[in-house]
There are 2 protein chains.
Amino acid sequence: MKKKKAKEKIKARSVPFSQTRTRHASETAEDYVEAVMDLIDETGECRVLDLARFFNVSHVTVSRTVKRLNDQDLLLTQSYKPIELTEKGYKLAKKSKKRHEIVLDFLIKLGVDKANAEIDSEGIEHHVSSKTLDAMKRFLK
Amino acid sequence: MKKKKAKEKIKARSVPFSQTRTRHASETAEDYVEAVMDLIDETGECRVLDLARFFNVSHVTVSRTVKRLNDQDLLLTQSYKPIELTEKGYKLAKKSKKRHEIVLDFLIKLGVDKANAEIDSEGIEHHVSSKTLDAMKRFLK
DNA sequence: CATCATCCGTAGCCATTGCTACATTTGTCC
DNA sequence: GGACAAATGTAGCAATGGCTACGGATGATG
Ligand SMILES: [Mn+2]
Ligand SMILES: [Mn+2]
Ligand SMILES: [Mn+2]
Ligand SMILES: [Mn+2]
């Protein structure tokens with residue numbers, strides 16, 4: 001057995017994990033801007049408590065995250081005022097929502113029931129490369 | 001526009017996000033036990049530094065995580081000794097590895113190149129319900 | 001068996017994301 | 001306008017998962 005040689009090759013396999021960590025880091029931003037866009041679209045405005053109910057977390061968690069996304073130039077916030085999207089945030093929201101819809105439609109066409117497809121697509125969407133997204137689009141056609 | 005009615009329905013959409021958070025919580029455990037199994041299989045033993053290279057993180061991050069998984073009865077550790085799997089850890093590793101392989105094979109059969117399929121499957125695997133996994137298996141046949 | 005490189009543990013820092021408890025602001029209703 | 005309810009902010013705690021710096025343990029080599 002070439003077990004010493006095997007040990008030397010371990011580092012080469014770390015790329016997917018590094019990439020997955022990077023993707024997890026943008027996941028909150030993607031979910032939040034998409035939620036803000038949808039809530040404004042559907043109810044006319046987006047409030048801290050709307051997001052808290054939407055994500056099923058406390059208003060404190062939302063308030064803190066919204067402040068960070070404001071610092072990252074994705075959201076616009078003022079105390080006790082509705083939350084708005086920046087241009088940058090709006091672009092990310094459109095892109096994320098489109099990708100999310102493709103993943104959801106793909107799972108349904110694959111034969112997954114709607115309830116499970118909605119749950120799974122909420123996580124899967126953040127781990128889909130442009131190559132995989134293209135493959136899903138081809139399958140949908 | 002029925003915007004007040006729209007606000008009332010928001011909470012109903014939180015289920016996928018709650019589920020996604022639950023899945024993220026088990027992600028590290030799944031990746032670790034799978035890695036320990038593979039490293040023992042390929043190199044004869046699994047050391048803290050092997051995992052650090054495998055995941056591309058510091059040995060400190062690995063050491064802390066391994067200790068927690070030991071407390072969760074998934075891994076067996078002693079200071080300065082190789083890391084072993086418990087029965088529970090081994091079962092989780094087998095199940096996770098099988099699921100991971102199905103997701104990877106599925107993406108490749110869908111038309112994704114191997115490099116991207118390996119990256120994407122590393123994240124997607126943790127967000128695949130048994131229903132979606134079944135749909136992927138059907139597609140592979 | 002002494003030395004030295006490697007491995008691993010500990011201390012302590014930071015960021016993120018969850019929470020409860022409490023304070024403040026805002027808006028509504030009389 | 002005052003009172004009350006709802007919305008939002010703030011303080012502070014915990015768990016997780018990154019990191020560097022440092023020191024002790026282990027094992028290989030001469
Ligand atoms: Mn999502
Ligand atoms: Mn895995
Ligand atoms: Mn993984
Ligand atoms: Mn994920």
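Naming convention: chains lettered A, B, ... in sequence-line order (proteins, then strands); numbering from 1 in each chain.
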Query raised in the report: Is any side-chain N or O of A:T61 closer than 4.0 Å to OP1 or OP2 of C:dT17?
Result: no
Report summary line: Judged by nearest nucleotide, the residue sitting upstream toward the 5' end of DNA chain C, B:V60 or B:R53, is B:R53
Report task. Tell me whether the OP1 or OP2 atom of C:dG18 has a side-chain N or O from A:S58 closer than 4.0 Å. Result -> no
Query raised in the report: What integer distance in Å separates B:Q78:CD from D:dA25:C1'?
Result: 14 Å
Requested in this report: Tell whether B:R64 reaches the base of D:dG18 with its side chain through a donor-acceptor pair below 3.5 angstrom.
Outcome: yes
Query raised in the report: Out of A:R99, A:K95, A:H100, which residue meets the side-chain hydrogen bond (donor to acceptor under 3.5 Å, both in side chains) rule with A:E30?
Result: A:R99
Query - Nearest-Å distance for atom pair CD/P, residues A:Q72 and C:dT16 - result: 7 Å
Query raised in the report: With respect to the side chain of B:H59, which nucleotide from C:dT17, C:dC8, D:dA11 is positioned closest?
Result: C:dC8
Query raised in the report: NZ of A:K81 versus P of D:dG9: gap in Å, rounded?
Result: 11 Å
Query raised in the report: Please give, in whole Å, the distance from C:dC7 C1' to B:E45 CD?
Result: 11 Å
Query raised in the report: Within the pair A:S63 and D:dT8, is there a side-chain N or O less than 4.0 Å away from OP1 or OP2?
Result: no
Query raised in the report: Looking across every strand, which nucleic acid part, if any, lies under 4.0 Å from A:K67 by heavy atom: base, sugar-phosphate, or nothing?
Result: sugar-phosphate
Report task. Report yes if some heavy atom in the side chain of B:K67 is under 4.5 Å from a heavy atom in the side chain of B:T77; otherwise report no. Result -> no
**Report entry** Greater than 12 external heavy atoms within 6.0 Å of B:K91's NZ
**Finding:** no
Query raised in the report: Can you list every salt bridge (charged side-chain N to carboxylate O under 4.0 Å, His left out) pair that touches residues 118-128 of chain B, not counting sequence neighbours?
Result: A:R23-B:D120, B:K114-B:E118
Query raised in the report: For the residue pair A:F17 and B:F54, does the interplanar ring angle fall in the parallel (under 30°), tilted (30 to 60°) or perpendicular (over 60°) class?
Result: tilted
Query raised in the report: Looking at residues 24-33 of chain A, who's got a heavy atom less than 4.0 Å off DNA chain D?
Result: none
**Report entry** A:L69 CG - C:dT17 C1' separation (whole Å)
**Finding:** 12 Å
Query raised in the report: To the nearest Å, how far apart are A:F55 CZ and C:dC19 C1'?
Result: 18 Å
Query - Angle between terminal axes - the helix from C:dC1-D:dG30 to C:dC30-D:dG1, 5 pairs each end, rounded to 10° - result: 0°
Requested in this report: Would you check, one step at a time, whether the test salt bridge (charged side-chain N to carboxylate O under 4.0 Å, His left out) holds for A:E42 with B:K9?
Outcome: CA-CA 11 Å; A:E42 294 169 24; B:K9 287 182 192 168; over 6 Å; no
Query raised in the report: How far apart are the closest heavy atoms of B:V33 and B:G89, and which atoms are they?
Result: CB-O, 3.7 Å
Query raised in the report: NZ of A:K109: more than 12 outside heavy atoms within 6.0 angstrom?
Result: yes
Query - Interatomic distance, A:R47 CZ vs D:dA7 C1' [rounded to whole Å] - result: 8 Å
Query raised in the report: Roughly, in whole Å, what's the span from OH in A:Y80 to P in C:dT24?
Result: 9 Å
**Report entry** Closest contact, heavy atoms only, B:T28 versus B:T65
**Finding:** CG2-CG2, 3.6 Å
Query raised in the report: More than 12 non-hydrogen atoms from neighbouring residues, nucleotides or ligands closer than 6.0 Å to NZ on A:K88, yes or no?
Result: yes
Query raised in the report: Has the side chain of B:R21 got a donor or acceptor atom sitting under 3.5 Å from an opposite partner on the base of C:dG18?
Result: no
